[in-house]
S.K.: 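Got a structure for you, questions after.
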Number of protein chains: 2
Amino acid sequence: MDNAQLLKGILEGCVLAVIEKGETYGYEILGELEKAGLEDIGEGTLYPVLTRLDKNKLIQCRRAKSPLGPIRKYYSITAEGTEYLEDFRERYSRISKSADILLYDNSSETEENKNANS
Amino acid sequence: MDNAQLLKGILEGCVLAVIEKGETYGYEILGELEKAGLEDIGEGTLYPVLTRLDKNKLIQCRRAKSPLGPIRKYYSITAEGTEYLEDFRERYSRISKSADILLYDNSSETEENKNANS
DNA sequence: GATTGCTACTTTGTTATGTCAAGTAGCTTG
DNA sequence: CAAGCTACTTGACATAACAAAGTAGCAATC
């Protein structure tokens, strides 16, 4: 129902990770997030994230015309951003490990529970 | 560094999951969280969560004396809470799956990347 | 018997971040 | 020219974690 809180903090890292794969712009990132399963991210959610990442020097911006619409703002990751993302992955991994233990009580099995793998 | 945002929403589910395993009280829950790796959860963080869960009828409260301190408030999960937790697990699973895809680019491998196992 | 230290819960103010809603604007097509 | 897609902006709002401080019961030590 309300995934807002669950998404907090996670979104930032995900967006940064998308940009890490190569220079891209907001609208396209929105598509990437959707493809990965984050379907209800609105523009009003994403763009502030980009602004923030930019302000914090984790990504940098370049304006360029779009072949089919208004100007695009292309973002690429900075060295600082790469470093931050690395740290983020570690923090996320640690927390989700704890959550797995608490939510699925992984006492004997390790990776069994979270497999809803198609 | 600042795991506050990453924890948002997750904590609630974790606390509920601990209570699901059996009637318990705040101070003990704090210990369970710590054991699972969530080491820096303060009392000022946990207790409001319990209050909220109680107010939302996801858990219920019973006061009882402690053998070695002030009165304890024992919490147990309600039917509504069980249902909520089930839904939570599903939502969490879906989001963390998306995050895994985005953060670790699981295109061919499935569980390789997130294994920093011992 | 006062201090220290552990257990146990409360409260208040702060901050970060996602969300909604509305808006601006370029371009294409009917 | 109106509709519809692309593309970004802005402002008001809600939620939840956190730090810091406080209140209290009880036990052991000095």
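Only a predicted model underlies this, so the values are computations on that prediction, with no experimental measurement involved. Numbered from 1 within each chain, the chains take letters A, B, ... in sequence-line order.
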S.K.: Listing time: all N or O pairs from protein to nucleotides 17-22 of chain D that are below 3.5 Å?
M.R.:
unit_1	atom_1	unit_2	atom_2	d
D:dA17	OP1	B:Gly9	N	3.4
D:dC18	OP2	B:Thr45	OG1	3.4

S.K.: Send over the distance from A:Leu30 CG to D:dC8 P, rounded to a whole Å.
M.R.: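 Spelled out: CG on A:Leu30 to P on D:dC8 is 10 Å.
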S.K.: What integer distance in Å separates A:Ile59:CD1 from D:dC8:C1'?
M.R.: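 Rounding to the nearest Å, CD1 of A:Ile59 and C1' of D:dC8 are 14 Å apart.
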S.K.: Expressed as a whole number of angstroms, how long is the span from B:Ile95:CD1 to C:dT17:C1'?
M.R.: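 So the CD1-C1' distance, B:Ile95 to C:dT17, works out to 14 Å.
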S.K.: What integer distance in Å separates A:Leu46:CG from C:dA21:P?
M.R.: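 So the CG-P distance, A:Leu46 to C:dA21, works out to 18 Å.
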S.K.: What heavy-atom pair brings B:Ser76 and B:Glu23 nearest, and what distance separates the two atoms?
M.R.: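 Smallest heavy-atom distance, with atoms named: CB-CG, 4.1 Å.
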S.K.: Kindly determine whether B:Arg91 and B:Glu86 satisfy salt bridge (Lys or Arg N to Asp or Glu O under 4.0 Å), including the steps that lead there.
M.R.: CA-CA 9 Å; B:Arg91 288 187 293 125; B:Glu86 217 169 307; over 6 Å; no
S.K.: Looking at every non-hydrogen atom in both residues, tell me the closest pair between B:Ile10 and A:Ala99 and how far apart they are.
M.R.: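 Heavy atoms only, the tightest pair is CG2-CB, 3.9 Å.
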S.K.: In whole Å, I'd like the distance from the OH atom of B:Tyr47 to the P atom of C:dT7.
M.R.: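 Going from B:Tyr47 (OH) to C:dT7 (P), I get 11 Å.
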S.K.: Any ring pair (Phe, Tyr, Trp, His ring centres under 6.0 Å) pairs touching residues 16-74 of chain B, not counting sequence neighbours?
M.R.: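 Checked against ring pair (Phe, Tyr, Trp, His ring centres under 6.0 Å) - neighbours excluded - the pairs reaching residues 16-74 of chain B are B:Tyr25-B:Tyr74.
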S.K.: With a 4.5 Å heavy-atom cut-off, do B:Leu38 and B:Leu7 have their side chains touching?
M.R.: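 Touching, per the 4.5 Å side-chain cut-off.
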S.K.: Grab the CD1-P distance between A:Ile29 and D:dT6 for me, whole Å please.
M.R.: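 Computing the A:Ile29:CD1 to D:dT6:P distance gives 16 Å.
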S.K.: To the nearest Å, how far apart are B:Tyr27 OH and C:dT7 P?
M.R.: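 For the pair B:Tyr27 OH and C:dT7 P, the rounded distance is 4 Å.
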S.K.: Identify whether any heavy atom of B:Ile71 sits under 4.0 Å from a base atom; if not, whether one sits that close to sugar-phosphate; answer base, sugar-phosphate or nothing.
M.R.: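 Answer is sugar-phosphate: B:Ile71 comes under 4.0 Å of backbone atoms only.
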S.K.: D:dA7 P sits how many Å from A:Leu33 CG, rounded?
M.R.: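 That distance rounds to 15 Å.
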S.K.: Taking A:Ser66 for the side chain and A:Arg72 for the main chain, is one N or O donor matched with an acceptor at less than 3.5 Å?
M.R.: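 No, the answer is negative, given that no donor and acceptor are paired below the 3.5 Å cut-off.
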S.K.: How about CG on A:Asp40, more than 12 heavy atoms from neighbouring residues, nucleotides or ligands closer than 6.0 Å, or not?
M.R.: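 No, the 6.0 Å shell around CG holds no more than 12 heavy atoms from other groups.
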S.K.: Could you give the distance from SG (A:Cys14) to CD (A:Glu32), rounded to the nearest 0.5 Å?
M.R.: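 Atom-to-atom, A:Cys14:SG and A:Glu32:CD are 12.0 Å apart.
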S.K.: Would you tabulate the pairs of protein nitrogen or oxygen atoms and nucleotide nitrogen or oxygen atoms of nucleotides 26-30 of chain D closer than 3.5 angstrom?
M.R.:
none

S.K.: Write down the atom of B:Ile29, the atom of B:Ile19, and the distance for their closest heavy-atom approach.
M.R.: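 Answer, listing the atom of B:Ile29 first, then B:Ile19: CD1-CG1, 3.9 Å.
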